[in-house]
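Read the structure below first, then the notes.
Note that the coordinates shown come from a computational prediction; the quantities given were computed from them, not determined experimentally.
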Amino acid sequence: MHIKADKGKYYLTTAIAYTSRKPHIGNTYEIVFSDAIARFKKMEGYDVFFCTGTDEHGQKIQLNAEEQGVTPKQWVDRVSGEVRGIWDLMNTSYDHFIRTTDDYHEKQVQKIFKKFYDQGDIYKSEYEGWYCVPCESFFTETQLVDGKCPDCGREVQKTKEESYFFKMSKYQDWLMQYIEDHPDFIYPEARKKEMVNNFLKPGLQDLCVSRTSFTWGIQVDFDPKHVVYVWLDALTNYITALGYDVDEPSEKFKKYWPADVHIIGKDILRFHTIYWPIFLHALGLELPKQVFGHPWLLMNGSKMSKSIGNVMYADDLAKYFGVDGVRYYLLREMPYANDGNITYEDLISRYNSDLANTIGNLVNRTISMGKKYFGGEVKAPVYTELDEEIKNMAVKTVASVREKMDTYHTADALEDIVSFARRLNKYIDETTPWTLGKNVEDPEQAERLGTVLYTLLEGIRYIGILLSPFLPETGEKIVAQLGIGEELTDLDSLETFGQIPAGMTTGEASPLFARIDEKKLMEQIEADNAQPEEEPEQEPLEHKPEITIDEFDKVELRVGEVIACERVKKAKKLLVSQIKIGPEVRQIVSGIAKKYTPEEFVGKKVVVVTNLKPVTLCGVESQGMILCADDDEGGFCVVKPEENISSGGEVH
């Protein structure tokens with residue numbers, strides 16, 4: 001879509017996803033919702049900077065990593081990769097993906113912590129109370145509900161440790177006044193009342209901002225046994241992503257801050273509307289213009305939880321409904337303030353009714369009729385009163401969608417677009433172009449048919465452009481089938497109905513959405529989600545002839561470190577590695593390119609057969625062998641030492 005950027009900056013952020021697990025469809029809603037807003041703002045002409053990312057520190061991460069037998073960094077690398085993969089799968093147009101393990105972020109968090117300490121906002125004391133590991137939150141005895149976490153309902157731990165505290169109470173009156181003076185700062189209105197009545201009016205407690213009971217976090221540089229508590233770390237991502245520096249903020253920060261809106265889930269509203277504003281104020285920075293707390297997406301009426309088995313994932317749903325099908329449901333079915341609900345049956349129903357029947361059918365039959373009757377040539381219209389009604393509704397739909405998107409009412413905006421598509425389908429029934437087409441040689445009938453098809457094509461142009469922020473692929477396909485130029489794909493081109501030039505030729509008709517057979521798809525989903533059957537008894541392994549310990553002792557095995565690696569020319573499966581083994585470097589060719597790239601193989605510790613007679617493979621000499629393992633199911637990996645053994649170490 002053609003975009004003209006001349007309305008100034010617009011900085012939009014999502015909450016950063018916590019890397020404790022793969023994000024489910026409820027987590028994915030936020031990035032899709034934010035993406036629709038960002039795309040629409042770009043289409044309106046704003047210079048948009050759209051930021052998202054992952055939150056990667058904390059006790060829960062450390063515990064998860066320990067349970068899996070990996071380092072915390074290995075764990076967050078994997079989960080952050082999953083998050084980014086799903087964000088990309090869902091066709092989201094973020095401009096920056098921040099990780100709180102990024103060096104530049106960690107450095108600034110340390111400087112911010114030190115600034116707060118130097119100016120007297122942070123002091124050292126001892127914390128004793130209740131801690132919820134999944135929520136990374138502290139609670140007093142009175143805040144617990146039935147002895148459990150008031151946010152997630154899970155068990156809490158009695159905790160006592162030395163910590164640094166931020167003087168939240170010092171800024172309470174200022175924040176109360178700020179919220180009163182800026183009525184749109186917290187949105188929707190019900191969320192604001194909740195924050196003021198439940199947290200501010202009862203009085204703010206000073207906030208624990210460091211921990212000593214675990215190590216996976218950003219170290220307090222002037223007191224190394226402390227790590228920065230996750231919320232001070234995570235919240236500052238919104239400014240460090242722009243290049244904020246305590247000493248000298250970047251030009252990008254000066255350009256885009258303050259944020260125009262933080263899009264977050266209602267469950268973390270307290271952190272973003274109480275702690276975050278106070279942190280910013282203490283730094284001497286402006287506050288974001290608005291914090292929008294969206295509701296949850298429930299599954300069958302319950303909050304999604306992997307532990308109870310009611311979880312859907314975006315990548316699974318995209319296999320059944322396509323990316324735009326999933327995006328449409330999320331944006332169309334989520335209420336503005338109340339929690340939404342998702343079921344497979346509702347997904348199928350909404351997909352068939354709105355996408356396949358209403359929009360897909362409208363576009364397909366209009367383009368097809370134009371090809372059938374006029375060879376795809378667009379005729380000049382001569383409007384009647386009925387056509388004028390369509391023209392007026394098209395322009396009004398644009399104004400209504402703009403108004404809805406100003407307050408993030410994506411579901412209502414989509415309903416406006418689909419309502420216009422329904423009206424165009426009704427217009428087809430009213431004008432019966434197939435009847436007019438029977439007498440197309442009659443000039444009067446041909447003129448009327450040309451006007452009807454022109455009105456439909458121009459109406460479809462409106463739908464394609466307006467849909468593009470919500471369903472980017474669908475918007476592009478509609479524009480391609482219309483065959484219009486880029487100058488007719490921006491929002492400004494919708495100010496006046498009738499921009500498609502007469503005489504042009506449309507593209508080819510192609511179905512946008514295939515109707516789903518509910519019975520067949522539900523059977524497939526049930527089969528895909530069924531618990532795997534108990535594995536059949538495995539056949540006994542076939543062993544090689546026995547050898548003696550003396551024979552085995554002839555094989556020399558040592559630990560090596562890969563210091564360089566590249567592909568072997570004309571050999572897709574081979575990599576040639578330079579491997580440091582004690583004081584010497586060996587060149588070894590291995591058939592491991594199906595599993596590893598040269599870049600990721602460098603730095604690995606491997607086990608090498610060092611007394612194997614050299615051989616030449618594809619013209620390259622190999623001076624040993626790297627030990628690997630595989631199985632009948634396609635698994636494959638190199639054998640590596642469990643501990644960090646120095647290169648040259650002998651394997652017995």
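- Using a 4.0 Å cut-off between charged side-chain N and carboxylate O, K115 and D121 make no salt bridge.
- The existence of a salt bridge linking D221 and K114 is excluded, since no basic side-chain nitrogen approaches an acidic carboxylate oxygen closer than 4.0 Å.
- When side chains are defined from C-beta on, I122 counts as touching V209, because their heavy atoms get closer than 4.5 Å.
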Please walk me through it: do H294 and Y29 pass ring-ring contact (aromatic ring centres under 6.0 Å, His included)?
CA-CA 10 Å; H294 64 76; Y29 163 73; 5.3 Å; yes
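- Between the side chains of Q219 and H226, no donor-acceptor pair of N or O atoms lies under 3.5 Å.
- K124 has a carboxylate O that lies under 4.0 Å from a charged side-chain N of D223, or vice versa, which qualifies the two as a salt bridge.
- Rounding to the nearest 0.5 Å places CG of N91 at 7.0 Å from CG of D324.
- Between F166 and Y275, the closest side-chain pair of non-hydrogen atoms is not below 4.5 Å.
- Among Y171, Y178, W276, the single residue meeting the ring pair (Phe, Tyr, Trp, His ring centres under 6.0 Å) criterion with H281 is Y171.
- A 6.0 Å sphere centred on NZ of K111 holds more than 12 heavy atoms belonging to other residues, nucleotides or ligands.
- Expressed to the nearest 0.5 Å, how far OG1 of T273 lies from CG of L200 amounts to 7.5 Å.
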Determine, stepwise, if the pair D35 / S93 fulfils side-chain hydrogen bond (donor to acceptor under 3.5 Å, both in side chains).
CA-CA 6 Å; D35 181 63; S93 58; 2.6 Å; yes
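- No more than 12 heavy-atom neighbours from other residues, nucleotides or ligands sit within 6.0 angstrom of CG on D103.
- Heavy-atom contacts from other residues, nucleotides or ligands closer than 6.0 Å to NZ of K73 number more than 12.
- Q290 and Y408 form a side-chain donor-acceptor contact under 3.5 Å, judged by distance and modelled atom types alone.
- Atom-to-atom distance recorded for F49:CZ and K42:NZ is 10.0 Å, nearest 0.5 angstrom.
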Let me see the working for E161 and T212 under side-chain hydrogen bond (donor to acceptor under 3.5 Å, both in side chains), right down to the final yes or no.
CA-CA 7 Å; E161 64 182 283; T212 55; 3.2 Å; yes
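- Judged by distance alone, the side chain of N197 and the main-chain N or O of K193 form a donor-acceptor pair under 3.5 Å.
- A 4.5 Å side-chain heavy-atom check between I25 and L330 finds at least one atom pair inside the cut-off.
- Using a 4.5 Å heavy-atom cutoff, the side chains of V261 and Y11 are not in contact.
- Checked for salt-bridge contact, R21 and E82 miss the test: no charged N lies under 4.0 Å from a carboxylate O.
- Remark: K604 does not engage E561 in a salt bridge, criterion side-chain N to carboxylate O under 4.0 Å.
- In terms of heavy atoms, T92 sits closest to R39 at C-NH2, 4.5 Å.
- Between Y164 and F222, the ring planes are perpendicular. Angles over 60° get that label, and only those under 30° would be called parallel.
- Scored by the salt bridge (Lys or Arg N to Asp or Glu O under 4.0 Å) test, E333 finds R350 as partners (sequence neighbours excluded).
- Here the OG1 atom belonging to T236 is positioned 12.0 Å from the CZ atom belonging to F113, to the nearest 0.5 angstrom.
- Ion pairing of D47 with K7 is absent here, as no side-chain N (NZ or NE/NH1/NH2) approaches a carboxylate O to less than 4.0 Å.
- In this structure the side chain of V79 never reaches within 4.5 angstrom of the side chain of Y18, judged on heavy atoms.
- In terms of heavy atoms, P295 sits closest to P335 at CG-O, 3.5 Å.
- A salt bridge links K148 with E155: at least one charged nitrogen is closer than 4.0 Å to a carboxylate oxygen.
- Ion pairing between a basic and an acidic side chain is recognised when a charged N comes within 4.0 Å of a carboxylate O; K254 and E248 show such pairing.
- Judged by distance alone, with hydrogens and angles left aside, the side-chain atoms of N27 form no donor-acceptor pair with the main-chain N or O of A17 at under 3.5 Å.
- Salt-bridge annotation for K60 and D55: absent, with no side-chain N of the basic residue lying under 4.0 Å from a carboxylate O of the acidic one.
- For the residue pair E56 and T100, no side-chain donor N or O sits within less than 3.5 Å of a side-chain acceptor on the partner.
- When only modelled atom types and interatomic distance are considered, Q74 and T71 share a side-chain donor-acceptor pair under 3.5 Å.
- A side-chain donor from one of W87 and T52 sits under 3.5 Å from a side-chain acceptor of the other.
- The shortest side-chain heavy-atom distance between D95 and F97 does not fall under the 4.5 Å cut-off.
- Taking 4.0 Å as the cut-off between side-chain N and carboxylate O, R99 and D77 count as a salt-bridged pair.
- With hydrogens and angles disregarded, a donor-acceptor distance shorter than 3.5 Å links the side chain of D206 to the backbone of M168.
- Within a 6.0 Å radius of CZ in F253, more than 12 heavy atoms belonging to other residues, nucleotides or ligands are found.
- Around atom CD of E126, more than 12 heavy atoms belonging to other residues, nucleotides or ligands sit under 6.0 Å away.
- A cation-pi contact, defined as under 6.0 Å to the ring centre and within 45° of the axis, is absent between K192 and F185.
- Side chain of Y596 to main chain of V638: a donor-acceptor pair is present (N/O by atom type, distance under 3.5 Å, no hydrogens or angles).
- No side-chain heavy atom of I31 sits less than 4.5 Å from a side-chain heavy atom of F33.
- Side-chain atoms of D88 and Y94 include a donor-acceptor pair closer than 3.5 Å.
- Distance CG/D233 to OG/S210: 12.5 Å, rounded to 0.5 Å.
- Checking D181 against Q177 by side-chain atom types alone, a donor-acceptor pair falls below 3.5 Å.
- Residues Y238 and H272 have side chains that bring a donor and an acceptor to within less than 3.5 angstrom of each other.
- Residues Y117 and V220 form no side-chain contact, since every pair of their non-hydrogen atoms from C-beta on lies 4.5 Å or further apart.
- When all heavy atoms of K289 and P258 are compared, the pair lying nearest together is CE-CG, 4.5 Å.
- In this structure, R402 does not pair ionically with D406, as no charged nitrogen and carboxylate oxygen lie closer than 4.0 Å.
- Residues D260 and K9 are paired through a salt bridge, judged by an N-O separation under 4.0 Å between the basic side chain and the carboxylate.
- Taking CD of E162 as the start and OG of S125 as the end, the distance is 9.0 Å to the nearest 0.5 Å.
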